[in-house]
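The sequence lines fix the lettering, A, B, ..., with proteins before strands; numbering per chain opens at 1.
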2 protein chains.
Amino acid sequence: MTREPYGQRRDDDRSAVRRPASIKDVAAAAGVSPTTVSHVLSGNRPVNEQTAARVRSVVNRLGYVPASLARSLQAGSTSVIGLLIPDISNAFFAELAKGAEDAAHDLGYGLILCNTEFDAEREDRYLGMIRSRFVDGMVYASGSAPSRRRLEALMGKFPIALADEEVDGLERALIATADHEAGGRLVGEHLRELGHRRVLMLTGPRGLRSGVARATGFVRAFGGHVVERVGDFKEASGHRLVAKLLEEGGLDCTAVFAANDLMAFGALAALTEAGLSVPGDISVVGFDDIRAASQINPPLTTVHQPAYDVGRTATAQLLQYVSRGEVPPASRHTLPVTLKVRGSTAPAAR
Amino acid sequence: MTREPYGQRRDDDRSAVRRPASIKDVAAAAGVSPTTVSHVLSGNRPVNEQTAARVRSVVNRLGYVPASLARSLQAGSTSVIGLLIPDISNAFFAELAKGAEDAAHDLGYGLILCNTEFDAEREDRYLGMIRSRFVDGMVYASGSAPSRRRLEALMGKFPIALADEEVDGLERALIATADHEAGGRLVGEHLRELGHRRVLMLTGPRGLRSGVARATGFVRAFGGHVVERVGDFKEASGHRLVAKLLEEGGLDCTAVFAANDLMAFGALAALTEAGLSVPGDISVVGFDDIRAASQINPPLTTVHQPAYDVGRTATAQLLQYVSRGEVPPASRHTLPVTLKVRGSTAPAAR
DNA sequence: TTGTACGCGTTATCAG
DNA sequence: CTGATAACGCGTACAA
């Protein structure tokens, strides 16, 4: 096993320890002061062309690269932000992450992926990164009911933008979400027009504003009877809830409206396994419009959420202020959703 | 618009600028030295309980949190690594990222998401993070043909692990990949057993070792005639290549073997649009086994790659050495793949 | 055009 | 049990 630490041998020091060249090493080798080296590289002030050339040559020879850490310390910011999400393998959050990464990259920021797996402890640890100022800001798209207190305290002191999910009591914040209420409304109208009168609504965890908004929009537009069951956004929970109702013989509905596509997939599977036909016997509607939604059989009718734009907008908002060192004012972006009518919905069975 | 910079007011300084409390502030307010404050918090050496209590009280009052940046500067490492991938919205890389994030989190490391969109310039910028030592290491899963020279130079000096993809000329490295050759072999055997004799093979970009390995395994096990077309791993390219061959009337094959599931989806769509039945007229096989593969119609026969494990293994390998400050020795992990036989393959049409 | 000196916030070392 | 000091590597105000 090789045991040498990383780094490069200093030209002027044959000690046993290799370490990366510092600005001092360059200065010494070029016969100038560190200040001059700094200015040659930054262009922040004019340097004699001969001197500059000599410095550059030494920089190349030693392979000197300024330590961004030291620069950050002195500058008071790291040009890195965090993106806190529950599950990167969920296509919705992957799209959101892509939007966030694009926006960050555009402004020269790095993005730390904070994947919480819905784990509060893990979320806490990641939030510590903003308190210890390792990140300049945080895009919070937890997806699970966040601890209001903690978040509230943090939002007063650090730049945090909310993506995809609002948080009760934090109205004065940077927020980018899809129009969940409109999404619910679109589904409600669609099912009503198809003649459905009794619908099973599978929700996500309680306490999510987006869920409330969706339900509100849906119930109001639908007007019929709504049976509600609480799940956790995972495919398994959609399957479990529907299977249980079927066993108990209590699924007297003609349609299922799931909180997201994954749960809709689970419901679909449970219905099919029970010998029911979708949409012949029962219609199914999802939410998110992840890629698989259009590819499953039957193709899923669902609400398209602009996941990429939600991530991009939240991040761009955040950085607009972070990059100026200002406290962001409240600012809410509600992005439009659309209903994708596919093969999983049909007129209500008589 | 609020214009106050972030931070907290110092208790002992009523200057106009709010800034976070530093260890000096705490020390002054508690009447001890910064050294003592440091040790109270780290527990690195015993501190008189009375003194410690006083310090802790001040820490709470001022809301002091150690600046991780300064700690990193002094420690010489940031406890953050980078994950360089082409596209986080590709389910394969999302899974890989999840594995990498889990492994990093387990060892107390953060993970910077470097999404390149197959863009060389963007990749370069991200690789700069390791040269400037903002990250302690990098997991490289580019997926596109990387610039060998650049990577080679970097790998000699910095801890880099290769995930999912080997790189020619870099045998002596940390590598975790799926067994692509075995994957190709499994597909070859499967199609041969089904009686196929002419297969269209859609590959990814040239110059990828994984592609060569797959093709080698496939061709050897299959034994029949293989027509090859080069794509770029995207759904559109699968569609385009197949559609073009169909137009030209040159698709005299009974099966298509795509380089990944996305391209297989594209091929599937093109075939269906041309009125061909899958697998009745022609069989289709993918690679990766992303979630949508089992949900598409017909369900896709494909090679399951352990994306999560590839990410997790590569990262764990990297960190095992990074965390000790050692140069990693060469070490290759080849993870097993399995063939998922689903509805998109059938005996060759006569 | 260039250099000196200091601060950023922390921890290790060495001395009491 | 505690403190003073140096060092990490950089940028820059100030001085020459």
By the 4.0 Å heavy-atom rule, please label [X] as base, sugar-phosphate, or nothing.
X: A:Ser68; answer: nothing
X: A:Ser38; answer: base
X: B:Ser42; answer: nothing

How long is the line joining [atom1] of [X] and [atom2] of [N], in whole Å?
X: B:Leu73; N: D:dA6; atom1: CG; atom2: P; result: 17 Å
X: A:Ile23; N: C:dG7; atom1: CD1; atom2: C1'; result: 15 Å
X: A:His39; N: D:dA13; atom1: NE2; atom2: P; result: 8 Å
X: B:Arg133; N: D:dC8; atom1: CZ; atom2: P; result: 13 Å
X: B:Lys24; N: C:dC8; atom1: NZ; atom2: C1'; result: 8 Å
X: B:Arg54; N: D:dT2; atom1: CZ; atom2: C1'; result: 12 Å
X: B:Leu69; N: C:dC8; atom1: CG; atom2: P; result: 14 Å
X: B:Asp25; N: C:dG9; atom1: CG; atom2: P; result: 8 Å

N or O in side chain of [X] less than 4.0 angstrom from [N] OP1/OP2:
X: A:Asn44; N: D:dT12; answer: yes
X: B:Thr36; N: D:dG3; answer: yes
X: B:Thr51; N: D:dT2; answer: yes

Enclosure of B:Glu49 CD (heavy-atom neighbours >12, cutoff 6.0 Å): yes
Exceeds 12 heavy-atom contacts within 6.0 angstrom, atom CZ of A:Arg131: no
Nearest-nucleotide pick for B:Gln74, side chain only, options being C:dG7, C:dA12, C:dG3: C:dA12
Side chain of B:Asn48 - closest among C:dG3, C:dG9, D:dC1: D:dC1
Earlier contact from the 5' end, DNA chain D, for B:Pro46 and A:Pro34: B:Pro46
5'-most by nearest nucleotide on DNA chain C - B:Thr35 or A:Ser33: A:Ser33
Option from A:Leu174, A:Leu318, A:Leu154 for which side chain to side chain contact (heavy atoms under 4.5 Å, CB included) with A:Ile160 holds: A:Leu154
Centroid-centroid under 6.0 Å between A:Phe134 and B:Phe134 rings: yes
Side chain A:Asp136, main chain A:Ile81, donor-acceptor under 3.5 Å: no
Side-chain donor/acceptor of A:Arg45 to base of C:dG3, under 3.5 Å: yes
